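Below is one structure, written out as structure tokens; the observations come after it.
The structure displayed is predicted, hence computed values, not measured ones. First listed ligand is number 1; within each ligand, the first listed atom is number 1.
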Amino acid sequence: MGILNVTPDSFSDGGRYADAEAALAHGLRLIAAGADILDVGGESTRPGAERVDPSTEQERVLPVVSALAALGATVSIDTMNASTAVAAVRAGARIVNDVSGGLADPELLPAVAAENAEVVLGHWRGPSSDMYARAEYADVTRETIGELIARMEAAAAAGIPPSRVVLDPGIGFGKRGSQNWDVLRGLPQLVGVGPRVLVGTSRKRFLAEILGAEADGEAATEARRDLATAVTSALAARAGVWGVRVHDVAATRDALRVVEAWEGS
Ligand code: PMM
């Protein structure tokens, strides 16, 4: 899954693809690099980010979603808003990627069910503005999986069967540095729950922390974070996940080719 953020303030690529034409061109580059799905987002979820109103979000994403869908791309819409999810699905998106797992907007799961879309349910304990305040766990892996199962059950109650659900442990969402590694170590248990699993580690702060890369210049940090992302993607694939959400699709494709060769598949 290639990341296409159409936002002026996303933490790593914010602002670069804010205009629809530039976003479309970047989407085509991601497909050429080997992305199977393009994840279009119009609201930054970086730590401390302010919420964007749904009409601004839709102005940003809908032209990009419809242009990519018209070209035959599989598009997911990265949103926490039911109205944006519905508008994007009607513009051609097949998957609704909600980092809040349906918690931010109670209308989202019923809307996804009514539109017959698929849904990514992220593990989430509250808005980005204060998510680290909620990063208190006795057992982060067990609690993350338990809370995701509860969201899967909420989706089923809204009319979305597990076959249309993808679970995402929400790396960086309400989790501090080492807690993210604990969750990644527990991926085989999450895969064992049943639905497909998606993981998003791309360029996240917990990677820069172990690299000691935070003090580097921005470009150097990005290159090192992309390499670390390719490695985590390979390890996630070995753990049995269905998908990885990344900025640098080419590097992750290469990493996944290595995994396939290693596994002889
Ligand atoms: N992370 C971000 C945004 N959307 N969606 C899913 N499913 N999983 C994630 O981990 C995730 C996401 C934040 O990263 P970005 O600002 O680079 O998009």
Side-chain angles (χ1 to χ4, degrees), residues 1-18 23 26-27 30 35-52 57 60-61 64 74-81 84-85 88 93-104 108 112 117-125 127-129 131-132 144 148 151-152 155 165-175 179-181 183-184 187 190 195-208 218 221-222 225-226 228-229 232-233 236 241-249 252:
M1 177 184 278
I3 300 171
L4 194 46
N5 284 324
V6 197
T7 55
D9 64 344
S10 201
F11 84 82
S12 85
D13 58 359
R16 264 185 241 175
Y17 311 115
H26 187 61
L30 293 174
D36 295 317
I37 300 169
L38 296 178
D39 188 41
V40 179
E43 177 180 13
S44 172
T45 52
R46 78 185 198 291
E50 294 299 325
R51 297 297 311 267
V52 168
E57 184 189 27
R60 291 176 183 170
V61 297
V64 181
T74 301
V75 176
S76 67
I77 176 69
D78 188 347
T79 187
M80 293 190 271
N81 296 311
T84 302
R94 285 233 308 266
I95 305 168
V96 174
N97 172 24
D98 180 1
V99 298
S100 84
L103 283 171
L108 187 131
V112 167
E118 301 190 44
V119 69
V120 177
L121 302 172
H123 177 255
W124 189 80
R125 282 190 166 181
S128 296
S129 50
M131 65 178 159
Y132 292 121
T144 297
L148 277 177
R151 299 320 302 154
M152 182 177 94
V165 165
V166 178
L167 300 178
D168 184 322
I171 296 301
F173 289 90
K175 295 168 198 77
Q179 294 171 330
N180 294 295
W181 295 107
V183 168
L184 291 172
L187 277 178
L190 179 58
R196 294 164 289 173
V197 172
L198 176 72
V199 182
T201 60
S202 196
R203 295 183 184 166
K204 287 186 178 171
R205 183 190 297 170
F206 81 113
L207 296 177
E218 201 175 312
T221 303
E222 189 171 293
R225 289 187 192 203
D226 279 337
T229 301
T232 56
S233 296
V241 308
W242 164 79
V244 286
R245 179 183 179 278
V246 300
H247 298 88
D248 184 349
V249 170
T252 280

Quick check: do Val166 and Ile95 have side-chain heavy atoms less than 4.5 Å from each other?
no
Quick look: Val199 vs ligand 1, heavy-atom contacts under 4.0 Å, and the answer is neither
Taking heavy atoms and a distance under 4.0 Å, where does Arg203 meet ligand 1: side chain, backbone, both or neither?
neither
Is ligand 1 under 4.0 Å from a heavy atom in the side chain of Asp39, in the backbone, in both, or in neither?
neither
With respect to Asn5, determine whether any N or O atom, backbone or side chain, lies less than 3.5 Å from an N or O atom of ligand 1.
yes
Under 4.0 Å from a heavy atom of Val120: which atoms of ligand 1 are those, numbered in the order shown and with their elements?
7 (N)
Smallest heavy-atom separation, Ala155 atom then Val165 atom, equals CB-CG2, 4.2 Å
Enumerate the atoms of ligand 1 whose separation from the nearest heavy atom of Asp168 is less than 4.0 angstrom.
6 (C), 7 (N), 8 (N), 9 (C)
Work out whether the distance between some heavy atom of Lys204 and some atom of ligand 1 is less than 4.0 Å.
yes
For ligand 1, which atoms have a heavy atom of Asp78 less than 4.0 angstrom away?
3 (C), 4 (N), 12 (C)
Below 4.0 angstrom from a heavy atom of Gly200, which ligand 1 atoms are there? Numbered from 1 as shown, please.
10 (O)
Stepwise, does the side chain to side chain contact (heavy atoms under 4.5 Å, CB included) test hold for Leu184 with Thr201?
CA-CA 10 Å; Leu184 291 172; Thr201 60; 4.2 Å; yes
Worked check of side chain to side chain contact (heavy atoms under 4.5 Å, CB included) between Val183 and Lys175:
CA-CA 9 Å; Val183 168; Lys175 295 168 198 77; 4.1 Å; yes
N-O pairing of Arg245 and Asp168 below 4.0 Å:
no
Sub-4.0 Å atoms of ligand 1 with respect to non-hydrogen atoms of His247
17 (O)
Per-atom contacts, ligand 1 versus Leu198 - under 4.0 Å to a heavy atom
7 (N)
Trp242 and Leu167: side chain to side chain contact (heavy atoms under 4.5 Å, CB included), yes or no, with the steps?
CA-CA 10 Å; Trp242 164 79; Leu167 300 178; over 6 Å; no
Nearest heavy atoms of Asp39 and Ser76, plus distance in Å:
OD1-OG, 2.6 Å
Tell me, do Met1 and Leu198 make a side-chain contact under 4.5 Å, heavy atoms counted?
yes
